[in-house]
Student: 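Take a look at this one; I'll ask things after.
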Amino acid sequence: MSNDAAREKFKIYLSKKGHRVTNQRLAIFEAAFARTEHFTAEELLDYARDIDDSVSRATVYRTLPIMIESALVREVDIGKNLKYYLPNSDDNTQVAQVICVDCDRIFEVKAPFMEWYGSTVSSKLGLTPCSQRLQVNAQCDSFRKTGDCKNRPQKR
Ligand SMILES: [Zn+2]
């Protein structure tokens with residue numbers, strides 16, 4: 001899905017849910033869809049304020065669930081009370097998330113086999129899958145061996 005198509009979907013979803021399409025909400029959308037890496041809600045607030053400095057924290061926290069519900073953004077809960085978000089720019093491809101528990105890094109890998117696997121096991125039960133996810137928690141070899149890894153977040 002292109003950004004334009006995603007923006008249209010967002011606008012339609014907002015109106016369907018009785019929300020107004022405001023510049024602030026659109027700034028949050030643009031900020032989220034400009035990211036290629038995962039981000040936290042607080043980071044999204046920073047990015048959105050770079051576009052429109054009138055975006056409030058409350059608007060970010062109210063808009064994120066709307067974007068998740070409309071499948072425009074995926075939420076990844078990695079535990080430790082940390083939630084990350086990712087724009088769903090390609091909604092037809094199955095992805096598996098591999099989470100490095102040492103470096104808090106989320107890798108998304110295309111996993112076309114998942115679709116095959118999900119439909120095979122479901123059809124044996126007389127079911128049709130509507131969604132599925134694979135999340136792998138993994139340890140970092142580099143960090144455990146050398147105490148360092150290029151994927152570790154820079155301390156701010
Ligand atoms: Zn690592």
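Computed from a predicted structure; not experimentally measured. Indexing begins at 1, ligand by ligand and atom by atom, following the structure's order.
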Student: Angle between ring planes, Phe10 versus Phe29, binned at 30° and 60°: parallel, tilted or perpendicular?
Tutor: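 Correct class here is parallel.
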
Student: Does the ring of Tyr47 carry Arg35 above it, NZ/CZ under 6.0 angstrom from centre and within 45° of its axis?
Tutor: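 Yes, Arg35 sits over the ring of Tyr47.
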
Student: Are any non-hydrogen side-chain atoms of Gln135 and Ile99 less than 4.5 angstrom apart?
Tutor: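 Gln135 reaches Ile99 side chain to side chain.
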
Student: Have a look around the Zn ion (ligand 1) and list protein N/O/S atoms under 2.8 Å, or say none.
Tutor: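 Checking every protein N, O and S atom gives Cys103 SG, Cys140 SG, Cys149 SG.
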
Student: Can you sort out the partners of Arg62 under salt bridge (Lys or Arg N to Asp or Glu O under 4.0 Å), two or more places apart, ordered by chain and number?
Tutor: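 Residues passing salt bridge (Lys or Arg N to Asp or Glu O under 4.0 Å) with Arg62: none at all.
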
Student: How close do Gly118 and Ser122 get, counting heavy atoms only, and between which atoms?
Tutor: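 Smallest heavy-atom distance, with atoms named: O-OG, 2.6 Å.
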
Student: Is the positively charged end of Arg7 above the ring of Phe33, judged by distance under 6.0 angstrom from the centroid and angle within 45° of the axis?
Tutor: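 Checked: cation-pi criterion not met.
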
